[in-house]
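Since this is a predicted model, take the numbers as computed values, not measurements.
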Amino acid sequence: MSQTKEEGKTPLWKRLLFSDTVLELPISKKITYIALLTAFTVIANTFFEIKFFSVQFSVTIFVSVLAGMLLGSAFGFTACFLGDLIGFLLHPFGAYLPWIGISTGLMAVFGALLFGRLPFKSKWGTFFKLLLVNLAIFVVCTAGITTLTLNKVWYTSMSYPQYLVTRLFIEGQIWNTLLNAALLFALVPVLTRVKILGLG
């Protein structure tokens with residue numbers, strides 16, 4: 001079935017919430033996909049990270065975007081939010097902050113919508129969509145929700161601009177962001193060639 005026919009038969013709201021791969025699956029396999037991607041995000045949040053002050057050096061951005069691309073925005077958000085929560089329970093660091101889980105879930109939403117639903121199919125289109133995904137995550141999640149939450153909860157003695165500069169350039173969050181962006185630019189074009197993933 002061509003993508004044009006698929007788009008014509010599937011309501012827009014479903015295409016915004018779910019990936020093409022997930023739309024074709026029975027409910028039991030949908031649940032299995034969510035469970036697998038949630039486990040994947042738990043592993044990323046628990047074992048592939050180094051914490052330094054308020055910065056978590058990890059592949060969470062990469063994994064979250066990938067979850068969104070594979071599952072769509074609704075299931076991707078769910079998998080990443082649960083992955084953050086379960087990862088915290090297994091490997092606690094300070095107090096649990098649900099806004100961090102929301103920020104992680106939004107990374108999947110950006111991956112699902114900006115990469116999965118924008119129509120640019122060429123090689124340069126892939127890079128353009130990845131650039132949009134990374135910019136959205138940086139502005140809304142990294143510099144926005146996560147930094148603002150940490151500033152309001154733990155670093156109240158600093159103004160938001162002061163803490164943003166501290167977190168990005170003194171504690172080094174910018175390097176974690178760039179590492180995850182590099183992983184996305186290097187690996188997503190390769191993964192789009194794997195037909196079974198449905199990313200192309």
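Clustering ILVMFWY residues whenever any of their side-chain heavy atoms sit less than 4.5 angstrom apart, transitively, puts Phe128 in the very cluster that holds Leu187. The cluster map of Ile, Leu, Val, Met, Phe, Trp and Tyr, joined by side-chain heavy atoms under 4.5 Å apart, puts Leu71 and Val188 in the same cluster. Linking Ile, Leu, Val, Met, Phe, Trp and Tyr whenever their side-chain heavy atoms come within less than 4.5 Å puts Leu183 and Leu114 in one cluster. A continuous path of hydrophobic side-chain contacts links Val109 to Phe40 [ILVMFWY only; heavy atoms under 4.5 Å]. Residues Leu118 and Phe185 share a single hydrophobic cluster, defined by chaining ILVMFWY side chains whose heavy atoms lie under 4.5 Å apart.
For the atom pair CD1 of Ile145 and CG of Leu106, the computed distance is 5.0 Å after rounding to the nearest 0.5 Å. From Thr38, atom OG1 reaches atom CZ of Phe75 across 10.5 Å, with rounding to the nearest 0.5 Å. The CD1 atom of Ile137 sits 11.0 Å away from atom OG1 of Thr60, with the distance rounded to the nearest 0.5 Å. Rounding to the nearest 0.5 Å gives a distance of 10.5 Å between CG of Asn134 and CE of Met107. Taken to the nearest 0.5 Å, the CZ atom of Phe110 stands 11.0 Å off from the CG atom of Leu132. Atom OG1 in Thr147 sits 4.0 Å away from atom CZ in Arg167 (nearest 0.5 Å).
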TODO: Could you go through the side-chain contact (heavy atoms from CB on, under 4.5 Å) check for Phe81 and Thr104 one step at a time?
DONE: CA-CA 6 Å; Phe81 184 85; Thr104 305; over 6 Å; no

Task: Step-by-step side-chain contact (heavy atoms from CB on, under 4.5 Å) determination, Phe138 to Leu168 - done: CA-CA 11 Å; Phe138 179 75; Leu168 289 177; 3.9 Å; yes

Open item on the list: Between Leu25 and Thr32, does the side-chain contact (heavy atoms from CB on, under 4.5 Å) criterion hold? Intermediate values first, please.
Closed with: CA-CA 10 Å; Leu25 296 174; Thr32 302; over 6 Å; no

- [ ] Step by step, work out the side-chain contact (heavy atoms from CB on, under 4.5 Å) result for Thr41 and Asp84.
- [x] CA-CA 7 Å; Thr41 61; Asp84 179 75; over 6 Å; no

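Of the possible polar contacts, none joining the Thr146 side chain to the Thr142 backbone as a donor-acceptor pair under 3.5 Å is found. Under a 3.5 Å cut-off, the side chain of Lys129 and the backbone N or O of Phe120 do form a donor-acceptor pair. Within the 3.5 Å criterion, the main-chain N or O of Thr10 finds no donor-acceptor partner in the side chain of Arg15.
In terms of heavy atoms, Tyr163 sits closest to Met158 at CA-SD, 3.7 Å. The two residues Val65 and Gly111 have their closest heavy-atom pair at CG1-CA, 3.9 Å. The two residues Val59 and Ala44 have their closest heavy-atom pair at CG2-CB, 4.1 Å. Closest approach of Cys80 to Ala67, counting heavy atoms only: SG-CB, 3.9 Å. The heavy-atom pair separating Val22 from Leu70 by the smallest distance is CG2-O, 3.7 Å. Nearest heavy atom pair, residue Ile34 against residue Ala79, reads O-CB, 4.2 Å.
The shortest side-chain heavy-atom distance between Thr156 and Asn151 does not fall under the 4.5 Å cut-off. Residues Leu23 and Lys30 have side chains not in contact (no heavy-atom distance under 4.5 Å, counting atoms from C-beta outward).
Phe18 and Trp13 have perpendicular rings, their planes meeting at more than 60° on a 0 to 90° scale where under 30° would count as parallel.
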